[in-house]
Amino acid sequence: MNLSDKVSVLKQVGGKRASLFHKLDIYTIKDLLLFYPRRYEDSSRILKVKDAIPGSKDTFKLKIIAKLQDRNIRRGLDILSYLAEDETGEAEITFFNSRFLRSQIKIGDTYLFYGKVDYFKGRVSISSPEFEPINRVKSLGKITPIYKLTNGLFNKNIENSIDQVINLNLFNENLSSDIREKYKLIGKNEAIKNIHYPKDRKSYIEARQRLIFEELFLFELSILKNKVQNKEADSIKFNLDERVFDFIKNLPFKLTDGQQNVVNELFRDMNQGRTINRLIQGDVGSGKTIVAIIIMYLAYLNGYQSTIMAPTEILAKQHLESFRELLEPLGLKVRLIVGSTPKKVKDDILSNLEIGAIDILIGTHALIEENIKFKNLGLNVIDEQHRFGVVQRNLLKNKNKKAASIIMSATPIPRSLSLVLYADLDISIIDTMPVGRKPVKTLAINESMLDRSKAFIKSEMDKGHQAYVICSLIEDNEEFQNLQSVEKVYADLSKYFKDYSLALIHGKMSPSEKNKIMEDFANNKINLLVSTTVVEVGVNVPNATVMMIYNAERFGLSTLHQLRGRVGRGSDQAYCILYNLSSSENSWQRMKIMQESNDGFYIAKKDLEMRGFGDIFGTRQSGIPNLRLADPFRDKEILKYAAYEAKKILSEDKFLESKKYSYLNNEILDFYADLN
Ligand code: ADP
Ligand code: MG
């Protein structure tokens, strides 16, 4: 068996099940082994009754001493309960609507019970536990992996497939014994084994540490190797040109100090004969785009074409408008290419690009397509908002290895961290907001203030302004009774705001539907837009002055901040209403942070501080593809060491061509291939 074998070589994985695996992006044995559990059920901790922790899910070894009287709280709700004990105390075991269990539980017998603990009338109570007789324990008393599933596929199917390969030690070790000894990291195959089937918490944590280190090490190695090699190439350099100063002077606004500083840093690169290779960090609304436009104009004056890649079609179209307004009077040809661009238009663009009749190409991912060729590409700009565009960056770079690049990011990352994450780039920060921009006034409300909030939205719309209402789900979902879906909220608000024009937008709509609605909203044909988080990314509608976010407790602070950044983009006072449907203290604390601050950097820091234990166990998306377990924010200590080791290796052998290190080339390639 090989890592590259198809999953269909496994027993019980025929065509049908294989296609279910494909839905989860599992094609090969390697994909399967790298399909880490989403979380774990840990029934390995067996507690005594006296040590029970209310609210915690744990396992107890208890002898049944009596059956308690059946209760019938209301129609359709039967309660079956037993009294049980260990040598430290008594507990009540309760099942709902489960009369059939009577025959499985015998007075006098001892069982393992795994369930959530509570106190009920002064007694420890465990409701609806899983249980097994103590002499026939099978699945309790251990840590069980829980995988992400798809319709028709069960957890045990995945477990069964993994069982068939987990002991074959299919992976090559890719960390040297020096590194493993130095950081006390376990071997690769052992780590893979333990991440699927941890014997205990300790072995789970060891597996995690090892795999996180490896991911970050390869990540750093690939970034740094790129940097080394880009330096070697004689990259494109621009000369400063007087005309750019006139351009800046004639802008409809004066650059902020922050923008001017960054522009100066870029000019300094040019004066010093250096290639531009820069990350521009700046909070939402700080005005990063104009900085890119200035440099793209310079690229043009130097005789080069440039591109800007936006994360969404809507945003790309907005860029097209602002670019044309500023640059076409100066004779530049600006075109747009997105997924929905008709073939005829696309062909026209392609042929014009090749002869150099287009100076600036704006687009989405469509820009990366292979058949797009330039005459003289000199600069790539990536507007990545709050994603990490490591992959796209490299793909774009492949269009012309010598091209300069600018990455614009709204992700507030501490400087020490961005130095490592963006190790191949120089870093600039726009730390001021355009003048006249008033901080968004934020208020967190509960249900009692709902009507007043709606009335407030109405009053803003009566002043001619527009509003966003954000919800977290598309359809009403029975499982989450508390969650307000866009569809339900849209129906409610349509009744309430009868005389206004409302629209609904969500991610399941086709791109053309979404674009149409966003355009209508941008052109003030829609007064109120009910939306999922699809508006999160970069749209600019300065006339929108109020945003209300339903179920605000469901969103991370950074997401709330990004969302809120959609309002307050004009000179009018803007408002954000956070509708918190939870009563938990933690959620109100989070709302308080949003009320107190408009500073993305501060909010990101608080967000990190407030994350709970759930993030230590289980996986969370870092936003960087291929980092399955690692999160550069959370794991910044490991990242530092991983970067140090990667640097050390490259200083010995910058092309990884020696016998000792050449295998790492494959590991990095693999790393990129896996990024899709
Ligand atoms: P972001 O950094 O989020 O990408 P944008 O570049 O989209 O921000 O700029 C947000 C808005 O601010 C745009 O409408 C832009 O025209 C405007 N803007 C940018 N710089 C200035 C400035 N110096 N003074 C006034 N308005 C500005
Ligand atoms: Mg932007």
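As the structure lists them, so they are numbered: ligands from 1, and atoms in each ligand from 1.
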Lys/Arg-Asp/Glu bridge criterion (N-O < 4.0 Å) met for [X], [Y]:
{"X": "Glu513", "Y": "Lys516", "result": "no"}
{"X": "Lys525", "Y": "Glu519", "result": "no"}
{"X": "Asp426", "Y": "Arg274", "result": "yes"}

Contact check: Phe253 vs ligand 1, nitrogen or oxygen atoms, below 3.5 angstrom: no

Within-cut-off N or O pair, Gly285 and ligand 1, under 3.5 Å: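 Yes; at least one N/O pair falls below 3.5 Å.
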
With heavy atoms of [X] as the reference, note each atom of ligand 1 found under 4.0 Å away.
{"X": "Lys254", "value": "22 (C), 23 (N), 24 (N)"}
{"X": "Thr256", "value": "23 (N)"}
{"X": "Thr289", "value": "4 (O), 5 (P), 6 (O), 7 (O)"}

Whether Phe521 and Tyr468 hold their rings parallel, tilted or perpendicular, with breakpoints at 30° and 60°: tilted

Under-4.0 Å heavy-atom contact with ligand 1, by part of Leu255 that carries it: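 It is the backbone that touches ligand 1; the side chain stays farther off.
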
Ligand 1 contact on Gln259 by region, counting heavy-atom pairs under 4.0 Å: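 It is the side chain that gets close, since no backbone atom is under 4.0 Å.
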
Enclosure of Lys458 NZ (heavy-atom neighbours >12, cutoff 6.0 Å):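 Atom NZ in Lys458 is packed in, count exceeds 12.
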
Glu596 atom CD, over 12 foreign heavy atoms within 6.0 Å: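 Atom CD in Glu596 is packed in, count exceeds 12.
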
Nearest neighbour of atom 25 (C) of ligand 1 from the list Pro434, Gly570, Pro542, on a heavy-atom basis: Pro434

Options Lys288, Arg569, Gln260, ranked by nearest heavy atom to atom 7 (O) of ligand 1, top entry: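 Ranked by closest heavy atom to atom 7 (O) of ligand 1, first place is Arg569.
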
Backbone N/O of Val440 and side chain of Arg564: donor-acceptor pair under 3.5 Å: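 No: the side chain of Arg564 does not pair with the backbone of Val440.
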
Heavy atom of Gly282, distance to ligand 1 below 4.0 Å: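 No, that is not the case, since the closest heavy atom of the residue is not under 4.0 Å from the ligand.
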
